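Just so it is clear: chains get the letters A, B, ... in the order the sequence lines come, proteins before strands, and each one is counted from 1. For the numbers below, each heavy atom of this structure counts, side chains included, while hydrogens, waters and symmetry mates do not. In this text, all values refer to a predicted model and were calculated from it rather than measured experimentally.
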There are 2 protein chains.
Amino acid sequence: MADVAKRAGVTKQTVSNVVRGRSVVSPDTRARVEAAIAELGYTPNLVARSLATGTTMTVGFIVPTIVHPFYSEVVEEVETLLEEHSYHLLLATTRGDGERARRHLASLSSRSVDALLVAGDFDLSDGVPLLDDHGLPVVLCAWEIDPPDTLPVVTVDYEQAGYLAGRHLRELGHRRLTVIADLPAHRIRVSGARRAFAEDGLDVPADSVFPAPRATPESGYEAAMLALSATGHPTAVFASTDAIALGVIEAVRRHGLRVPEDVSVVGIDDIPQASHAHPPLTTVALPKRQMAQEATGLLLRGIAESRPVPPSLTLITPEILVRESSAPPIG
Amino acid sequence: MADVAKRAGVTKQTVSNVVRGRSVVSPDTRARVEAAIAELGYTPNLVARSLATGTTMTVGFIVPTIVHPFYSEVVEEVETLLEEHSYHLLLATTRGDGERARRHLASLSSRSVDALLVAGDFDLSDGVPLLDDHGLPVVLCAWEIDPPDTLPVVTVDYEQAGYLAGRHLRELGHRRLTVIADLPAHRIRVSGARRAFAEDGLDVPADSVFPAPRATPESGYEAAMLALSATGHPTAVFASTDAIALGVIEAVRRHGLRVPEDVSVVGIDDIPQASHAHPPLTTVALPKRQMAQEATGLLLRGIAESRPVPPSLTLITPEILVRESSAPPIG
DNA sequence: ATGAAAGCGCTAACAT
DNA sequence: ATGTTAGCGCTTTCAT
């Protein structure tokens, strides 16, 4: 930079003004400086700028994984929004490892990012206190269980998601519900579905709720096989995720039953496969992009006001997509 | 830092040594310094460190998208490997936008990262010259078309992937091949498949190659519907990606034909859906994690030696997974 | 084993 | 509109 200044016959300060597009430079000198920059192939050192300004134009995003359509879409949307505001994305995945999550937290908050977005809870819920007061704007998102009231959180109304699934099944006329869920992670979704039935005075007993150890088709298949043997023939199955639902459909078919004629299946998420399943899966779509937008908005506002974002709870309402895996019960 | 030093009765230098775990500090003073750090809640400013050392412990990764199992797995693997070496990941997606790709390139190379990994080619192939000499270690990966010989590139042997698919079909006894491919992007895969047939003196004529405008099930479905009408009944279809293959299976079924009895279908990629398809899809698995490892290894070596990585071409050999969508032709 | 000084490349505040 | 003077918080010599 000093070289550029000397070559253009000005001071570093003027070069700085030119580089940052400040309008205090006379067209004449601006041209000279730009020429010098081009001739010398000068590129500003962003690290030095960061040290001087105290801002890195970078936002950290801690996320459980990106190998899942839900999170990858959220991350991609966040990245796009950030880039529109000239911010970079520092991505850190936790992969179900609480230790790793905490390491990331520590390293990202050492002034290397201007703000922090944290998605998913399971690995970090006990780490929330760590977030509380290192003076960095922090926003939580996709926080399904126990959103803390000490921080801003933007998340999906997961209870409502379960409720919408349950109500849809109720409206079709189903009076009994079998639940296959990744518990305890998705307990909120289950209580939503329960509420839909309870509204009509119908109970979903504990023995018709079957845990799927993981939210995968395999796991859903196993759990559904168990459920089908145990409960006779359920007419309606609520799966806490689409991945589980796909496994459920398998299991139903393996039992010689048809979807949706014999058994209706409803999931949550709206992963890409859902619409290509056989039959296309009725599901409650999680509003990922909208959530990403709200969260990023809060974060950017926090940065602009250069103080922690005040606590708040934003619940984004999901939407049910009725496809072909659900129908009225027979008889 | 000065505060910590004063409180511990030492100089900044000693504090620095303690923080970085250098072994030149006497246990006594180390304890005093650590106490001071704890009491003051001191956290080192990484930006300042970066300015002083000229290193940011951050690697930039430019990738077309992460909303695709292939890329998301590559990114996640890279992130994991980087974190093992205490490096951070700055993620930038191009989303099929060459302009955006070039912007990322420019901003990431302004000393804010220690090295750059670039995946995918379609948006950036004409931007490669930009990468050539800003003195940053750069590695290209997942570079399917025309890998430049001026840079190190770690990629899949896509020709071999096509060849494996073709040879598998040949070994089953198929003598004619219908190809549904996202062209021209996947032309290398197609020529691999062609080679397999050519080895046995069999030709894959141009009129049995059908372009799918995008690598999606919908696009594959459309193209396959066309192909099925045009070619009578092909016995074997090679799809250039699994997503396309899933659409092909749909189309075959829509035509009242069975997979694999009437028509064998083989894809490339091994996306998660492939094994859950009906029937489970025979496919050539792209070695994402291995590719990520090689690429990250080169990059880290480049950083360690603090000079550009010399040009090289590393081709990772894919592997075919024979499942149930392929069988010998009838008669 | 510890201290003192210089400087990484930039921006900020003031002066001209 | 441009120049001058201080830092930003750390690491790196080089002394001691």
Using five pairs at each end of the helix from C:dA1-D:dT16 to C:dT16-D:dA1 to define an axis, what is the angle between those two axes, to 10°?
30°
Specify the separation, in whole Å, of atom [atom1] of [X] and atom [atom2] of [N].
| X | N | atom1 | atom2 | value |
| --- | --- | --- | --- | --- |
| B:R22 | C:dG3 | CZ | P | 15 Å |
| B:D114 | C:dC8 | CG | P | 19 Å |
| B:K12 | C:dA6 | NZ | C1' | 10 Å |

Got a sec, which pairs hit side-chain hydrogen bond (donor to acceptor under 3.5 Å, both in side chains) with one end in residues 58-68 of chain A, sequence neighbours left out?
A:T65-B:E76
With sequence neighbours excluded, what pairs up with [X] under the side-chain contact (heavy atoms from CB on, under 4.5 Å) test?
| X | value |
| --- | --- |
| A:S306 | none |
| B:S72 | A:I66, A:V67 |
| A:A48 | A:N45, B:L51 |
| B:L313 | B:P147, B:V153, B:T155, B:L315 |

How would you give the extent of chain B contacts on DNA chain D, as first and last nucleotide 5' to 3' within a 4.0 Å heavy-atom cut-off?
D:dG9 to D:dT12
Residues 290-306 of chain A vs salt bridge (Lys or Arg N to Asp or Glu O under 4.0 Å), sequence neighbours excluded, gives A:E305-A:R307
Would you list the pairs meeting salt bridge (Lys or Arg N to Asp or Glu O under 4.0 Å) in which at least one residue belongs to residues 30-55 of chain B, sequence neighbours left out?
B:R7-B:E39, B:D28-B:R32, B:R30-B:E34
Atom pair [atom1] ([X]) and [atom2] ([Y]), whose distance is rounded to the nearest 0.5 Å:
| X | Y | atom1 | atom2 | answer |
| --- | --- | --- | --- | --- |
| A:D269 | A:F70 | CG | CZ | 7.0 Å |
| B:L136 | B:L116 | CG | CG | 6.0 Å |
| A:L286 | A:T317 | CG | OG1 | 12.0 Å |

Check each residue of residues 29-55 of chain B for a non-hydrogen atom within less than 4.0 Å of any atom in DNA chain C, then write out the ones that pass by number, or none.
B:T29, B:L51, B:A52
Keeping A:R214 on the side-chain end and A:D182 on the backbone end, is there a donor-acceptor pair under 3.5 Å?
no
Restricting to nitrogen or oxygen on both sides, can you table the protein-nucleotides 14-16 of chain C pairs closer than 3.5 Å?
none

Please determine if a side-chain N or O atom of A:S16 lies less than 4.0 Å away from the OP1 or OP2 oxygen of C:dT11.
yes
The side-chain hydrogen bond (donor to acceptor under 3.5 Å, both in side chains) partners of B:R22 (sequence neighbours excluded) come to none
Under 3.5 Å, is there a donor on one side chain and an acceptor on the other for A:H88 and A:E83?
no
Under 4.0 Å between any heavy atoms, over every strand shown, what does A:T11 touch: base, sugar-phosphate, or nothing? Just pick one.
base
